[in-house]
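Data block below; observations after.
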Amino acid sequence: MNKAILITIVCALSALWYWLFWLPVHLTLPEPYRYSQASDNMVYFWAAKRHKSFFTVGQAYQLEADGQKVQLELFSITYASLKPDEMKLGFYPTNDKTLELAAVQYRATGLPPAYR
C-alpha cells in the first residue's frame with residue numbers, strides 16, 4: 001500500500017515538473033492573421049502567461065513548425081485583460097527577409113546572443 005502511494009506521488013510530481021519546466025513553449029498567431037503585418041515585417045503571437053520568464057525583450061528566438069524555421073527578435077510583451085492567462089508577443093525578423101509564416105502554431109526556442 002505504501003509503495004503504491006509513493007509511486008503515485010512520484011508520478012504526480014514528475015507530471016507537474018514536466019508541465020511547468022520541460023513543456024515546449026508554443027506560440028499561436030492571432031485569428032485572423034493579417035498579411036499586412038507580414039509586409040510591415042513584424043508579427044504578433046499569443047503565448048501562455050506561465051511562460052513569461054522564458055521571454056526577454058531584445059532576445060532572438062527560433063520558431064519551428066512543419067519544417068519551417070524562422071528567426072525573430074522579441075520587441076514587445078503585452079498583457080491583455082481580455083485574455084488573463086495569455087500574453088501578446090511582438091516579433092520582427094532578425095534579418096531583412098520578408099516574413100512569410102506557413103503555420104498557425106510554432107514552437108519557440110531561445111537563441112544565444114552570438115547566434116544572431
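Every value quoted in this text rests on a predicted model; they were computed, and no experiment measured them.
- A pairwise comparison of heavy atoms in Ala47 and Leu89 identifies CB-CD1, 3.8 Å as the closest pair.
- To the nearest 0.5 Å, atom CD of residue Glu86 and atom OG1 of residue Thr78 are 13.0 Å apart.
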Please test Glu64 against Thr109 for side-chain contact (heavy atoms from CB on, under 4.5 Å), starting from the C-alpha separation and ending with a verdict.
CA-CA 8 Å; Glu64 300 177 45; Thr109 54; 4.3 Å; yes
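- For Lys3, there are no side chain to side chain contact (heavy atoms under 4.5 Å, CB included) partners two or more places apart in sequence or in a different chain.
- Residues satisfying the side chain to side chain contact (heavy atoms under 4.5 Å, CB included) criterion with Ala108, sequence neighbours excluded, are Val25, Leu27, Phe54.
- Closest non-hydrogen pair, Gln59 versus Gly110, comes out as NE2-CA, 3.9 Å.
- The two atoms that bring Met87 and Lys52 nearest to each other are CE-CA, 3.4 Å, heavy atoms only.
- When side chains are defined from C-beta on, Lys83 counts as touching Trp46, because their heavy atoms get closer than 4.5 Å.
- Transitive grouping of hydrophobic side chains (ILVMFWY, heavy atoms separated by less than 4.5 Å) brings Val57 and Phe91 into a common cluster.
- When each of Tyr92, Phe45, Phe55 is paired with Leu74, the side chain to side chain contact (heavy atoms under 4.5 Å, CB included) condition holds for Phe55 and for no other.
- The distance from atom OH of Tyr61 to atom CD of Glu73, rounded to the nearest 0.5 Å, is 10.0 Å.
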What do the steps show when you test Leu63 against Leu72 for side-chain contact (heavy atoms from CB on, under 4.5 Å), and what is the final call?
CA-CA 8 Å; Leu63 291 110; Leu72 303 171; 3.1 Å; yes
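- Evaluation of the side-chain hydrogen bond (donor to acceptor under 3.5 Å, both in side chains) rule for Gln68 yields Tyr106 as partners, not counting sequence neighbours.
- Heavy atoms only, all atoms of each residue included: Lys49 and Tyr79 are closest at CE-CD2, 3.5 Å.
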